[in-house]
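All heavy atoms count here, side chains included; hydrogens, waters and symmetry mates do not. Throughout, protein chains are lettered first and strands after them, A, B, ... in sequence-line order, and every chain is numbered starting at 1.
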Amino acid sequence: MDFNDTTEEAKFRKEAYEWLKANADLKEGPKDGWRSASEEEGLEQVKVWQNKLYESGWACMHWPKEFGGRESTPIERVIWGQEISKFKVPGGYLEIGQGMAGPVMMMYATEEQKARHLPPMARGEEIWCQLFSEPGAGSDLAGLKTKSVLEGDTWTINGQKIWTSGAHFSDWGILVTRSDPTAHKHKGLTYFFLDMKSPGVEVRPIKQISGGANFNEVYFTDVKIPDSQRLGAVGDGWKVSLTTLMNERLAVGDASGPDFQEAFTLARGQDLNGSLAIENGAVREKLADWYCQQSGLKFAKYRNISALSRGETPGPQSSITKIVSGNKLQEIANFGMDLMDSAGILRSDEPDADQSMYQYGFYGAAGIRIAGGTDEILKNIISEQVLGMPQDMRADKGIPFNEIPSSNK
Amino acid sequence: MNFEFSAEQIQLKDIARKFLEKEDSVKRARAVLEGETSYDEELWKLIGEMGFTATAIPEKYDGLGLGYLELCVIAEELGRSLAPTPFSSSVYLATEFLLKLGSEEMKQNYLPKLASGSLIGTFAHTEGNTSPTEENISCEVKDNLINGIKIVVPDGDVADFTIVTAKEGNDVGLYLVDLNSDGVEIVNQQTLDPSRSHASLIFKGAKTITLGSANEGWDNLQNILDRAAVLFAFEQLGGAEASMDMAKEYAMGRFAFGRSIASFQAIKHKLADMYIAVELARSNCYYGAWALSTDAPELATAAATSRVSASQAFNECSKENIQTHGGMGFTWEFDCHLYYRRCRQLAANIGSQSIWKDKLISSLERANQL
Ligand SMILES: Cc1cc2nc3c(=O)[nH]c(=O)nc-3n(C[C@H](O)[C@H](O)[C@H](O)COP(=O)(O)OP(=O)(O)OC[C@H]3O[C@@H](n4cnc5c(N)ncnc54)[C@H](O)[C@@H]3O)c2cc1C
């Protein structure tokens with residue numbers, strides 16, 4: 001049992017580190033990271049950085065070389081992730097394309113489409129969004145209603161998507177629709193990709209609890225999509241969606257925001273009722289709990305990496321990451337503000353203010369526990385797919401989709 | 001990175017598991033719980049013959065000279081099967097005290113017999129309803145003779161000798177006392193887990209041998225407790241996983257409202273919560289195992305992390321296992337309570353949860369001096 005790299009791993013780590021050292025600045029502390037003044041500026045910076053990665057062969061590392069990848073092993077990706085986390089580099093915006101749309105295109109698109117779409121995706125030149133959730137279909141994604149009708153070799157789309165992150169700056173989208181409402185729920189779905197500038201696509205921002213607007217409603221009015229942009233067979237959209245969702249769950253990592261180290265540092269410097277907070281028993285007890293959770297996730301990840309390093313498929317441990325880190329973030333965010341007593345709720349637009357990080361976590365955690373599969377859905381997945389327990393009883397089995405009771409019927 | 005037990009270690013774990021299953025270890029735990037004996041002598045003998053007691057003892061003292069990773073996988077299986085033997089007292093504590101602090105002569109005298117299991121050792125520390133500290137320990141050593149009372153000493157009634165904490169002047173030291181010697185009175189104590197026996201030891205001028213240097217006793221003690229904590233954590237992990245497996249199996253077979261109770265989401269999510277606790281604990285235990293086997297500077301942190309995490313997992317799983325069983329879980333007949341009891345006994349054994357959480361934060365403060 002050790003944490004050591006193999007010779008090849010060490011060589012790769014050195015190469016990655018040296019490239020990063022020459023092209024980016026090291027972080028100065030746990031709080032240090034890339035900051036952008038606005039979403040637009042952030043997007044611009046990500047594009048520049050991603051292009052640099054692409055030109056030097058560090059973009060979408062596990063992809064085939066012909067699409068801009070490096071054909072790296074899983075363990076090399078992990079090592080890259082560890083090294084890049086030491087540096088201040090721009091991030092975000094590209095996960096849906098590279099993490100979800102890319103793998104699906106690779107499985108279902110034509111050679112021509114792959115050659116057209118994958119390299120710009122890897123280069124960060126074209127941004128993608130995921131048009132799955134609808135007002136009536138989130139956890140129960142297969143309950144979606146956005147209609148697709150084929151005439152000749154053109155599909156016409158009508159309906160509404162919601163919670164679409166980044167739709168307002170995306171160039172392309174992946175879309176699931178219902179092509180046959182008389183078929184059973186999971187059978188009548190068809191999957192496409194489309195140009196977000198297609199006539200009839202209307203994006204309306206939704207204001208979030210944080211005040212920002214990263215996600216949107218997207219309306220489709222007689223939007224035309226050529227049949228060539230269908231991914232998978234007509235009626236097979238559920239299967240294609242599952243591939244996407246599997247990749248989504250692999251893509252979401254630790255909840256980002258203040259963690260044990262930040263809470264610990266705060267408690268060691270902050271006064272609580274006349275002495276340092278760290279001397280308070282209740283504070284110590286909470287910190288110990290978070291340390292154990294953080295450490296447990298870290299070493300679960302190391303166990304996964306070890307399985308990869310041996311060439312094995314990693315265990316299901318990754319399914320617990322989002323649940324544990326999302327809830328931990330929510331607790332730590334509250335704790336951080338609580339230590340500042342009444343002043344913890346003061347808002348500041350100054351990103352360096354003591355409150356800011358915790359308030360960001362306070363909002364963010366609430367979203368993380370929902371996005372990409374809620375805590376409850378993930379617990380269903382653990383009990384069913386990891387522990388082998390029976391699926392939930394369902395009221396919609398064996399019934400044509402258009403006869404299933406729904407919220408607005 | 002290779003953060004996993006080796007193929008040989010996994011094989012050893014499998015051997016231990018099959019052996020303990022074949023010997024009906026859980027049934028034996030119930031027999032001890034219900035009967036008059038303090039431990040299962042036959043199982044203890046067999047465990048000795050398997051060489052488990054000799055695992056981490058060097059060959060020159062008749063041990064197997066394997067490492068702590070091997071001992072960790074054995075501990076997990078002993079915990080899973082509730083083995084009713086003095087293994088933890090004798091192996092994780094007494095043996096470790098001698099290995100780390102004993103003189104060469106003591107090692108030669110004691111270790112070969114500890115390796116074979118023919119000698120049982122334990123550790124006596126607690127004196128009252130509070131955690132022992134450098135200040136509140138009142139057992140006293142003067143002119144190599146000890147006076148005072150220790151309570152809830154695990155296996156105190158069956159051990160041949162004990163390591164004991166006592167004060168000589170102002171310093172807490174560590175001493176070895178032969179429990180068959182003059183000036184030792186042993187009184188059985190009933191606890192909520194009778195599958196593991198406990199006793200109070202009353203010392204009235206019994207002879208002591210000093211272990212290590214007297215003025216470093218407290219620091220030495222912390223180090224041994226850290227080492228033992230990792231091994232206890234593996235026992236707790238084994239118990240936690242066994243409780244989770246029991247809950248799942250029962251749920252799959254029990255029907256209510258015309259369906260398997262395993263299809264009720266409240267039960268499924270309960271099991272998912274157990275799984276999360278067990279996965280976190282297992283990962284932290286591996287960290288502890290790594291630190292123990294390499295004598296890493298992080299040992300204090302890693303030990304407390306694995307101890308806290310495994311205590312939490314066992315607690316979660318053993319109580320929710322009863323809940324999952326409904327009324328059956330509350331009966332004497334079902335085994336749920338054996339795990340519920342053992343969980344509490346192990347959580348108390350080398351210091352409470354609050355103490356270990358505090359130790360964890362203290363060690364992080366030391367490691368991370370501002
Ligand atoms: C920040 C953010 C970004 C997002 N980005 C995108 C995106 O880019 N693209 C996209 O398509 N979607 C996106 N989503 C949508 C997200 O996938 C859904 O919100 C999520 O799947 C939950 O669906 P819902 O909102 O309809 O809630 P519902 O499904 O109505 O759930 C409401 C509550 O009921 C519970 N519940 C539902 N079903 C069950 C069940 N079977 N068992 C137990 N409890 C259940 C849920 O856990 C939840 O607590 C985003 C969401 C958020 C918060």
>> Are A:His62 and A:Arg70 packed together at the side-chain level, in the sense that at least one heavy-atom pair is separated by less than 4.5 angstrom?
In response: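 A:His62 vs A:Arg70: side chains apart.
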> Can you check whether B:Glu298 reaches B:Tyr287 side chain to side chain, under 4.5 Å on heavy atoms?
Replying inline: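 Yes, close enough: below the 4.5 Å cut-off.
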Go through [options] and name the one with the most non-hydrogen pairs under 4.5 angstrom from chain B.
| options | result |
| --- | --- |
| A:Gln293, A:Lys298, A:Glu384 | A:Glu384 |
| A:Asn380, A:Leu287, A:Ile323 | A:Asn380 |
| A:Ile278, A:Ile75, A:Val78, A:Ile79 | A:Ile278 |

>> Can you see whether B:Ser318 engages B:Arg344 through a side-chain donor-acceptor pair at a distance of less than 3.5 angstrom?
In response: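 Judged by distance alone, the side chains do not pair up.
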With a 4.5 angstrom heavy-atom cut-off, is it the side chain or the backbone of [X] that approaches chain A, or both, or neither?
| X | result |
| --- | --- |
| B:Ser306 | neither |
| B:Lys268 | both |
| B:Leu271 | both |
| B:Gln9 | neither |
| B:Ser260 | side chain |

>> Strictly below 4.0 Å, N to O, side chains only: are A:Lys379 and B:Asp273 in salt-bridge contact?
In response: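 Salt bridge flag = yes for B:Asp273 with A:Lys379.
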> Looking at A:Asp140 and A:Lys185, does any basic side-chain N land under 4.0 Å from a carboxylate oxygen?
Replying inline: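 Salt bridge between A:Asp140 and A:Lys185, a charged N being under 4.0 Å from a carboxylate O: yes.
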> Counting only heavy atoms not in A:Lys11, do more than 12 fall under 6.0 Å of its NZ?
Replying inline: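 No, the 6.0 Å shell around NZ holds no more than 12 heavy atoms from other groups.
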> How are the rings of B:Phe3 and A:Phe299 set to each other: parallel, tilted or perpendicular (split at 30° and 60°)?
Replying inline: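 Taking A:Phe299 first and then B:Phe3, their aromatic rings sit tilted (interplane angle of 30° to 60°).
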>> Parallel, tilted or perpendicular: which one describes the rings of A:Trp19 and A:Trp80, with boundaries at 30° and 60°?
In response: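 The arrangement is tilted - the two ring planes meet at 30° to 60°.
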> Given the options B:Lys270, B:Lys357, B:Met244, which has more heavy-atom pairs under 4.5 Å with chain A than any of the others?
Replying inline: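 Option with the greatest count: B:Lys357.
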[X] versus chain B, the contacting section by heavy-atom distance below 4.5 Å:
| X | answer |
| --- | --- |
| A:Glu285 | both |
| A:Asn4 | backbone |
| A:Glu376 | both |

